[in-house]
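So the structure is just underneath, and the comments pick up after that.
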Amino acid sequence: MANEQAHVFFKSGDPAVAPILMLHGTGGDEEDLSKIASYLSPSSPQLGIRGHLIENGQTRYFNHTEDGGFDLESLDSETDWLLEAIDTYSEQYHLNQEKMIVVGYSNGANVAAYAWLAKHPLFKKSVLFHPMVLTQVTTLPDLSNVSLWASHGAQDPIVSKTNFDELMQTLDTAHADISIFEHEQSHNINEPELVSAKAWVTAHLN
Ligand code: MLT
């Protein structure tokens, strides 16, 4: 099985409430976003899956190439790996993927956005903290049943405003429903950002 070595965190919650899937940033782990997820939706069951690649000692959901670009083959196969792992553990913990809200930060947000553009994941909602474009998608999917909240920091050295806007534009062109939060800081998640994300999650729990 492709995902037999997945590192997984599960916290039970109210089975009637949308489950949260947590995808960490570079160097993170499956439990990293649990406190944030508990703040966003206190009664949601939580599933965290660790990216199973290690690059320069840091966990990730896909590799870079040697020249520092994104390795698109790794991105493709690792996204498949992740979606398979989500299937496996959703089944194991009785989580409804149609109702699932993905909470991703940085590398984890990037793989979630890529999944929507290039694969057909069952999840339909997400909170994407500081995502970016990884590659151009030639044929856009129809994302009219997808809703997402995404954030960007004006001083972010990793994600330029142009890059963030391009991702939002692409998702918008694919007819996703988008809410954007911008702060004047960097790649960090700040308090007003969490308050905004919580309001969005509260409105999208059903
Ligand atoms: C990525 O590699 O996905 C982005 O550069 C963000 C990050 O550093 O995790």
Side-chain angles (χ1 to χ4, degrees), residues 3 6-9 20-37 40 47-86 101-119 121 123 126-137 143 146 148-171 174 176 178 180-190 193-194 197:
N3 53 35
H7 291 264
V8 169
F9 169 80
I20 290 193
L21 171 73
M22 304 175 295
L23 302 177
H24 61 78
T26 297
D29 70 27
E30 60 278 19
E31 208 173 326
D32 261 10
L33 294 169
S34 179
K35 276 201 181 125
I36 286 179
L40 296 178
L47 174 66
I49 299 175
R50 190 192 301 183
H52 85 314
L53 298 181
I54 297 189
E55 198 181 73
N56 300 324
Q58 297 197 299
T59 49
R60 285 183 57 81
Y61 291 100
F62 54 88
N63 279 325
H64 285 102
T65 52
E66 270 175 24
D67 64 4
F70 295 121
D71 180 336
L72 299 182
E73 276 177 29
S74 165
L75 177 62
D76 190 72
S77 59
E78 290 302 316
T79 306
D80 287 341
W81 176 87
L82 180 63
L83 294 178
E84 209 179 299
I86 297 169
I101 301 179
V102 179
V103 173
Y105 170 59
S106 192
N107 189 237
N110 295 345
V111 76
Y114 175 76
W116 269 334
L117 292 171
K119 310 281 175 179
F123 56 78
S126 74
V127 166
L128 304 178
F129 291 109
H130 305 274
M132 68 190 290
V133 175
L134 302 173
T135 181
Q136 308 289 337
V137 176
L143 298 180
V146 158
L148 66 109
W149 175 103
S151 64
H152 180 252
Q155 312 295 326
D156 191 336
I158 299 170
V159 187
S160 68
K161 168 90 173 129
T162 311
N163 184 301
F164 177 76
D165 287 348
E166 184 186 333
L167 178 62
M168 293 303 111
Q169 183 62 54
T170 304
L171 292 164
I178 300 172
I180 292 175
F181 178 89
E182 296 183 87
H183 65 47
E184 294 304 315
Q185 298 174 356
S186 181
H187 203 60
N188 57 300
I189 301 174
N190 73 12
E193 184 174 358
L194 287 174

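Both ligands and their constituent atoms are indexed starting at 1 by order of listing.
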**Study point:** Salt bridge Arg60-Glu78, side-chain N to carboxylate O under 4.0 Å
**Key:**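 So Arg60 does not pair with Glu78 through a salt bridge.
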Check your understanding: Residues in side chain to side chain contact (heavy atoms under 4.5 Å, CB included) with Gln185, at least two apart?
Key ->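 Counting only residues at least two positions away or on another chain, Gln185 forms a side chain to side chain contact (heavy atoms under 4.5 Å, CB included) with His183, Asn188, Asn190.
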**Study point:** Any Val103 side-chain heavy atom under 4.5 Å of Phe129 side chain
**Key:**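 Touching, per the 4.5 Å side-chain cut-off.
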Point to revise | Selection residues 151-160 - residue pairs positive for side chain to side chain donor-acceptor pair (under 3.5 Å), sequence neighbours left out | key: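 Listed once each, the pairs are Ser151-Glu193, Asp156-His187.
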Review point. Got the residues with a heavy atom under 4.0 Å of ligand 1, by chain and number?
Key: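 The 4.0 Å shell around ligand 1 contains Thr26, Arg60, Phe62, His64, Phe70, Ser106, Asn107, Asn110, Met132, Ile158.
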Point to revise | Ring centre gap for Trp81 and Tyr61 strictly below 6.0 Å | key: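 Distance test on ring centres: not under 6.0 Å, no.
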Check your understanding: Who passes side-chain hydrogen bond (donor to acceptor under 3.5 Å, both in side chains) against Asn63, sequence neighbours left out?
Key ->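 Once residues adjacent in sequence are excluded, Asn63 has no partner under the side-chain hydrogen bond (donor to acceptor under 3.5 Å, both in side chains) criterion.
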